[in-house]
Amino acid sequence: MRDEQYEPLKIEKKWQQVWEDQNKFKPKPSDKQFSIVIPPPNVTGSLHMGHALEHSIIDVLVRYKRLNGFEALWVPGTDHAGIITQLLVEKELSSQGTSKELLGRDKFIDEVWKWKETSGENISNQMKTLGMSCDWSMERFTMDEGLSDAVQQVFVDLYEKDLIYKGTRMVNWDTTLMSAVSDLEVNMTSKQGKLWNLRYKVGDEHLVIATTRPETLLGDSAIAVNPNDERYKKLIGKKAIIPLVNREVPIIADEYVDIEFGSGCVKITPAHDFNDYEIGIKHSLELISCMNLDGSISNDEFIPKNLRGLDRFEARKIIIQELQKLDQVEKIDDYTNQIPIGDRSKSILEPMITEQWFVKTKDIAKDAIKAVETDEIKFIPKNWEKTYFEWMYNIQDWCISRQIWWGHRIPAWYDDNGNIYVGLSEEDVRSKNNLSNEIALIQDEDVLDTWFSSALWPFSTLGWPEDTDKLKQYYPTSLLVTGFDIIFFWVARMIMMGLHVQKEVPFQDILIHGLVRDSKGRKMSKSLGNTIDPLELSVNHGADALRFSLIEKASPGQDVPFDEEWTVAAKKFGNKIWNAAKFVHLYTDDSDDLKNDEIISKENIWILTRFNQVLNEFELLFNDYKVSDAYKVFYNFLWSDLFDWYFELSKNLITNNINKEETSYVLRSVFLKSLKILNPAMPHITEEIWSSFDETLLIDNVWPDKYKINQNDTQEVEALKNIISQIRNFKVTYGLKNSQSIELHSSTNFEDWFIMQLEVLTKCTVQKDSDIFSKEKNLVVFQHQNFKFGLVPGEYIDIEVEKKKLNKKLAELSKTLDVSKSRLDNKKFVENAKPELIQQEKKNLANVTLEIDTINETLNTLNG
RNA sequence: GGGAGAUUAGCUCAGUCUGGCAGAGCGCUACCUCGACAAGGUAGAUGUCACAAGUUCAAAUCUUGUAUCUCCCA
C-alpha cells in the first residue's frame with residue numbers, strides 16, 4: 001500500500017474474499033457468547049438505506065464483540081413476506097400475459113420460489129459487498145423446511161392450548177387482495193370528503209342523520225341517539241324508515257353517540273362498521289350484509305336492481321342522486337374522513353364479517369409485558385418501552401389467516417361434516433383422531449400471516465423444533481437491532497412467542513434505530529424521488545465510507561437525515577488514515593520493534609495518556625450502545641490529537657534522534673491500536689493497512705489494552721499546543737508567512753524539548769533573557785499559565801490591530817474573572833458546591849488574573 | 001381524543017438521565033503546495049439553547065405551563 005492511492009473498491013473485494021474463504025465469520029469457541037439474528041429483509045426487495053444502516057450497526061457490534069473475545073454469531077436470512085411477494089410476482093406474471101388464476105395454486109407457488117431464489121441471492125450478495133460479517137452457513141429463510149416445521153409445531157401447540165381459535169368476526173378486509181389483514185396492516189389516512197346529512201322518515205316527520213358512508217344505509221339495522229340528548233328522547237323506541245330499501249328499523253339509545261357530531265343521530269350498520277358491529281351485538285341488532293367481498297353491492301333480497309353489482313363507491317353516487325330526487329338530502333358538508341388503507345395493497349379496506357383464525361393474545365401478552373417491566377428485556381433508548389406497553393396493555397386478538405397462496409398453509413383439515421382437525425400433517429391428523437382413509441379431508445386453503453413465522457425467528461433459525469446445540473448455546477440471543485416501526489409487528493410478537501414456546505426471552509437488549517431520511521429530513525420514498533441506493537454509494541465511495549457515515553450519524557432511536565456528503569467525508573477520513581499509514585511506515589520502518597520499559601518523553605506520554613482517555617471514553621459509550629458518539633470521539637482523537645499534533649511532534653523527535661526508538665514504538669503502536677478500534681466500523685481499510693505492518697489478520701486480533709504509564713501529566717504539552725496556536729494566530733493576523741522566522745524571548749528556563757518543539761513548529765527562535773519583560777517596553781506576549789514568551793513586534797506589527805485584539809481578549813477574560821470572583825465570594829456557593837469545583841474555581845481565578853495582568857502590561861507598553 | 005418525541009451556530013445534530021463558563025461535523029472567510037496527506041494544513045467568524053414562570057449559590061439541563069413541528073395509537 002505504501003506507493004498506492006486509497007482505492008476502496010480494490011481492497012474491499014479482496015478482503016471480503018479472504019474473510020469468506022477462511023471462514024472468519026464463523027464464531028470462534030469461547031466462554032463468552034454473543035448472538036444476534038438479523039431482522040430478515042423481505043426476500044423480494046433489494047436493500048435500501050434502512051437496511052444499510054441496520055446492518056452497519058449490527059456489524060459494528062458483532063465485530064467489536066469478536067475482537068473482544070466473544071463467540072460472536074450473526075445469523076443472516078430473509079423473510080418470505082407473504083402479501084408483498086405475492087403482489088410482486090402477480091405483477092410480473094401479468095406483464096407476461098398470465099395470472100395466478102390461470103396458473104393455479106401449485107404452479108404459481110413454483111413461480112414465487114423461482115423469484116425467491118434470484119432475489120434472495122441478490123440480498124446476500126449486497127450484504128457481502130458491504131462487508132457484513134454474518135455466518136453465511138447459518139443463512140435461513142422463513143419458508144425453508146425447518147422453519148416451516150417450527151411454524152406448524154407452534155400452531156398446533158397453541159391450538160391445543162386453546163390459544164388459537166377459528167371464529168366469525170368483523171375483520172379488516174382488503175377487497176383487491178381478497179384477504180383479511182390484521183389491525184396493524186391498516187393505515188388510517190385523512191382525506192377530504194363529505195358528510196352527508198340524510199333525512200330518514202319517522203312517521204310523518206323526518207330525522208336527520210349524518211354519515212360519511214351513505215351507501216351502507218342499505219345495510220342499516222337501527223338509528224341511534226344519545227340517551228341524554230333532549231332533542232331525541234321522545235323518539236327512542238319509535239321506528240324509522242331506511243330510504244330506498246324502505247326497511248323499518250328501531251331508534252335506539254346508546255352512550256356511544258356523540259351529541260355534538262352532525263345532527264346527533266347516527267345510522268347503525270352492524271355488518272359494515274366496527275363501532276356499529278359492537279352496538280349491534282349489544283342491542284341484538286340484525287346483521288344485514290349489503291356488500292360482496294370484492295366491495296361490490298349485493299343482496300338480491302332487498303337491494304334495488306340498479307345498484308346490484310356496482311362497486312360501493314359507484315353505488316354511493318347513485319344513492320345520493322336518488323336521495324336528492326326524493327328530497328331526502330338535507331345538506332352536504334365538507335369533512336375530513338379517516339380512510340383505512342391496506343398497508344401493502346394501498347386499496348381502501350372494508351370491515352367485513354368473515355370466518356378467520358385468531359391468536360388469543362391477552363394471556364401470552366402478560367409474560368411479555370412482565371419481561372420488559374422487570375428489565376429482563378431492555379429497550380434502548382428506554383422510552384420505547386412506553387410505546388410497547390401502551391400497545392400490549394390494549395392488545396387485540398391477532399387475525400393470522402390470509403386468503404392468499406404464498407405462505408405457510410394453515411395446518412387444519414376439514415371433513416365433509418365441517419369438523420376441524422389440527423395437526424402437523426394430514427397423516428398426523430388421521431392417526432391422532434382415528435380417521436380412516438375413507439374419510440375425505442381437505443386442508444384449509446388459507447395461509448398464515450407472514451409475521452407468524454417471523455415471530456419464531458430467534459429460535460427457529462437456531463434449529464428448533466429440533467433440540468440443537470446451537471439453540472442451547474445461543475438462545476436467548478444477546479441483542480436485537482431494529483426499527484421502531486416494527487415494534488408491534490415483530491418485536492412484541494417475538495417476545496410473546498419466545499416466552500411461550502421457549503419459556504425464555506428471545507433477546508436481552510433491543511437497540512432501536514431511527515429511519516434514514518433525506519438531508520432535508522423527509523422520508524425517502526420512490527414517489528419523492530429522493531431515495532439513495534446504498535450499493536451505488538459503496539461503489540462510488542467505498543463500503544467502509546458508507547458504513548462509517550451511517551454509524552457516525554446513528555444515535556439510538558434517532559432518525560438519520562442522510563446526505564451523500566457524509567459518505568464523501570467518511571471517504572476523506574479513510575484517505576487520511578491511508579496517508580497516515582504511509583507516514584508511520586516512513587518514520588518507523590527502519591527502527592526495530594523496540595518496546596521501551598518506560599516512556600520518558602513528554603510528547604509520548606501525552607499521546608499515550610490521550611489514547612488511554614479516549615479508549616476509556618470510547619468503551620463507556622460503546623458499551624452503552626452509543627456507537628455513534630463513541631466513533632465521533634475517536635474520529636476527533638485520530639484526526640486532531642494523533643494526526644495533527646502528535647505526528648508533527650513525533651517528526652521532531654525522530655529526525656532529531658531524541659528518544660528515537662521509544663518514539664518509533666509509540667508512533668507505530670498508537671497507530672496500530674487505533675486501527676483495531678476503527679476496524680469494526682471500517683473493516684476493509686483497516687485490514688489492508690494492518691496487512692502492511694503485520695502478517696496476521698486484523699479480524700483475528702484482539703481489542704487493544706490501555707497503556708501502562710507511570711505518569712499522566714499532559715499539562716505541559718497542552719500548554720505547548722496553546723502557545724503554538726497563539727503564535728500561529730499572531731502570524732496569520734499580521735500576514736506573516738509561515739516560513740518567516742520570528743524571535744521570541746523568555747525570562748525563565750523552559751525544558752529543551754519544549755523549546756525545540758516550539759521552535760520547529762512555529763518557525764521561531766527562543767532567546768533567554770532574564771529581565772526581558774521589565775527591560776523591553778514594546779512586547780507582544782504569548783502566555784499560557786506560567787509559560788510566557790515575548791516578541792519584539794518590530795516593523796510588522798500594526799499596533800492598533802494588536803490593541804483591538806488584546807482588548808477583546810481582555811473583555812472576555814474579565815467576564816470569566818467576574819464569574820469566578822462572584823462565585824467564590826458567594827458564601828452559599830462555597831458552602832454547597834463540591835470541593836473539587838471550588839478548587840478548580842480558585843485555580844481558574846489565579847490563571848485568569850495572571851493573564852489579565854499580562855495583557856494590561858502589554859497594553860500599557862503599546863500605549864506608551 | 002390518548003400517547004411519545006423534537007425545538008441549541010447558515011445546515012445536520014451531540015450535550016439534558018447525573019445542574020457547574022455553549023459543543024462537533026459540514027458550510028463560510030483568509031492564508032499556505034513545508035518530504036504522510038490539497039480527498040490536505042493553519043487560523044478565524046457565527047448562538048436570546050422556542051417562549052414564560054418556578055426550584056437552586058448556579059439551569060440548555062430539574063419542575064410547571066405555553067407555542068410550533070414530527071411520529072404512533074384511536
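Chain letters run A, B, ... following the sequence lines, proteins first, then strands; residues in each count from 1.
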Would you classify [X] as touching base, sugar-phosphate or nothing, given that sugar-phosphate means primed atoms plus P, OP1 and OP2, and contacts are heavy atoms under 4.0 Å?
X        : answer
A:Asp644 : sugar-phosphate
A:Ala833 : base
A:Phe573 : nothing

[atom1] gap between [N] and [M], integer Å:
N     : M     : atom1 : answer
B:U64 : B:A74 : P     : 28 Å
B:G2  : B:U61 : P     : 27 Å
B:G19 : B:C62 : C1'   : 8 Å
B:U66 : B:A60 : P     : 22 Å
B:G35 : B:G41 : C1'   : 14 Å

Among A:Ile487, A:Leu184, A:Ile486, which one satisfies side-chain contact (heavy atoms from CB on, under 4.5 Å) with A:Arg493? A:Leu184

Enumerate, in order of first residue number, the stems that involve RNA chain B, defined as 3 or more consecutive Watson-Crick or G-U wobble pairs with both distances under 3.5 Å. B:1-7 with B:67-73, B:10-13 with B:23-26, B:28-32 with B:40-44, B:50-54 with B:62-66

Any N/O pairs under 3.5 Å between the protein and nucleotides 45-48 of chain B? List them or say none.
none

Step through the shown structure and confirm whether more than 12 heavy atoms of other residues, nucleotides or ligands are within 6.0 Å of NZ on A:Lys834.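 At most 12 heavy atoms, drawn from other residues, nucleotides or ligands, come within 6.0 Å of this atom.
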
Counting only side-chain heavy atoms from C-beta out, which of B:C32, B:A39, B:C26 sits nearest to A:Asn575? B:A39

Can you tell which of B:U12, B:C37, B:U42 lies closest to the side chain of A:Trp566? B:U12

Stepwise salt bridge (Lys or Arg N to Asp or Glu O under 4.0 Å) test for A:Lys828 and A:Glu831: CA-CA 5 Å; A:Lys828 287 188 175 169; A:Glu831 281 163 18; over 6 Å; no

Interatomic distance, OH@A:Tyr646 vs OG1@A:Thr663, rounded to 0.5 Å, equals 5.0 Å

When rounded to whole Å, the CD to P distance for the pair A:Glu260 and B:G1 reads 12 Å

Measure all distances between protein nitrogen or oxygen atoms and nitrogen or oxygen atoms of nucleotides 72-74 of chain B, and list the pairs falling under 3.5 Å.
none

